[in-house]
Amino acid sequence: MEEVAEKCVKDLIDRNLISIHRVSSFDGKIKACGMHDMIRELCLREARNIHFVNVLMDNQNPNEQARHDFSTKCRSLISIQSEQFNSASDQLAMFRNSKSHSVLLSIRKPSSSRIMQECFPRNLKKLAFTGTCLPWEDLRVVGKLPKLEALKLAYDACVGEEWRVFEEGFPQLLLQHLCLCYWRASSDHFPHRERLVLDRCWYMDSIPQDFAEITTLELIDISDCAESVGNSAKKFLQEIEDNYGSSSVEVCIS
């Protein structure tokens, strides 16, 4: 599946329909692409027609929202781009009964509003927060979503120097461009963790060392973080090898 996807992306790049924005310094693979506004609108229109993705914005005409029947038919990705968190919460409530498995929430003017578990679709598997400036303790609500598998926190999605985890976490977690210094968690909080990605978390001091006890962990990918974070990952890997003789965990530092 991944090989087919990569071939399709390369074909689109060769035809100048999309452009490469970022590549991995570790393996040279494409990490982010962009496209012209006209191509983007065409893609979104076709995606809406087949109920694959819905993008909802504050300035969107309510009649247009209704015409796409957002609340029930979207089966893949919901993207909400809003000025205020309260508006985003109202928009998110429209998808309560949606079949969608992924939500991207982007707030341009964050407030102190709190997130509520009942806002999210019941079948949600992937969730991304960008620029929401939520307090870290709000993630306790997110951790209770029964089917959530992957969480992405990017660009001040949460604010505060310390994240003290109380609930069980998510198999896949990506932290990107966050002002997080201290991450307080144990293996019990992330018993099914498979992938951990840290990208430009410049102020983080280290990965919780107790994560060496997570038997399901497969990958730790660290990009542009403090040296101490990379050192903690190496120590983490050495501890696994000392205890078990070998390690199935792949650690990538760039």
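Values in this document were obtained by computation on a predicted structure and should not be read as measured data.
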Is [Y] reachable from [X] through a run of hydrophobic residues whose side-chain heavy atoms are each under 4.5 Å from the next?
{"X": "Val197", "Y": "Val142", "value": "no"}
{"X": "Tyr203", "Y": "Ile207", "value": "no"}
{"X": "Val103", "Y": "Leu173", "value": "yes"}
{"X": "Leu145", "Y": "Leu174", "value": "no"}

Quick one, [X] and [Y] - any side-chain contact, counting heavy atoms below 4.5 Å?
{"X": "Val9", "Y": "Ile18", "result": "yes"}
{"X": "Ile253", "Y": "Lys234", "result": "yes"}
{"X": "Cys201", "Y": "Val229", "result": "no"}
{"X": "Leu175", "Y": "Trp163", "result": "yes"}

Angle between ring planes, His177 versus Trp202, binned at 30° and 60°: parallel, tilted or perpendicular?
perpendicular

Before giving the answer on side chain to side chain contact (heavy atoms under 4.5 Å, CB included), spell out for Tyr155 and Arg200 the whole-Å C-alpha distance, their side-chain angles and the decisive distance to 0.1 Å.
CA-CA 10 Å; Tyr155 296 94; Arg200 287 168 288 174; 3.2 Å; yes

Looking at [X] and [Y], what are the two nearest heavy atoms and their distance?
{"X": "Ala154", "Y": "Leu178", "result": "C-CD2, 4.1 Å"}
{"X": "Leu237", "Y": "Val249", "result": "CD1-O, 3.6 Å"}
{"X": "Met35", "Y": "Arg40", "result": "SD-CA, 3.4 Å"}
{"X": "Gly230", "Y": "Ile222", "result": "CA-CD1, 4.2 Å"}

So, taking the atom named [atom1] in [X] and the one named [atom2] in [Y], what distance separates them when rounded to the nearest 0.5 Å?
{"X": "Glu194", "Y": "Ile214", "atom1": "CD", "atom2": "CD1", "result": "11.0 Å"}
{"X": "Glu149", "Y": "Ser102", "atom1": "CD", "atom2": "OG", "result": "9.5 Å"}
{"X": "Lys126", "Y": "Leu151", "atom1": "NZ", "atom2": "CG", "result": "12.5 Å"}
{"X": "Phe211", "Y": "Leu217", "atom1": "CZ", "atom2": "CG", "result": "8.5 Å"}
{"X": "Leu42", "Y": "His36", "atom1": "CG", "atom2": "NE2", "result": "12.5 Å"}
{"X": "Arg164", "Y": "Trp136", "atom1": "CZ", "atom2": "CH2", "result": "13.5 Å"}

May I ask you to check whether over 12 heavy atoms, not counting those of Glu161, lie within 6.0 Å of atom CD?
no

Within 6.0 angstrom of Glu227 CD, more than 12 heavy atoms from elsewhere:
no

Indicate yes or no: does Asp14 engage Lys10 in a salt bridge with an N to O separation below 4.0 Å.
yes

Start with the C-alpha gap between Cys252 and Leu219, add the side-chain angles, then the distance that decides, and say whether side chain to side chain contact (heavy atoms under 4.5 Å, CB included) holds.
CA-CA 8 Å; Cys252 304; Leu219 172 68; 3.9 Å; yes

Polar contact flag, side-chain donor to acceptor under 3.5 angstrom, Asp199-Ser223
no

Please check: side-chain N/O of Asp210 versus main-chain N/O of Ser187, any donor-acceptor pairing under 3.5 Å?
yes

Main-chain N/O of Ser228 paired to Ser206 side chain as donor or acceptor, under 3.5 Å
no

Can you check side chain to side chain contact (heavy atoms under 4.5 Å, CB included) on Thr132 and Asp138, steps first, answer last?
CA-CA 11 Å; Thr132 47; Asp138 269 19; over 6 Å; no

Step by step, work out the side chain to side chain contact (heavy atoms under 4.5 Å, CB included) result for Leu180 and Leu153.
CA-CA 11 Å; Leu180 172 65; Leu153 305 173; over 6 Å; no

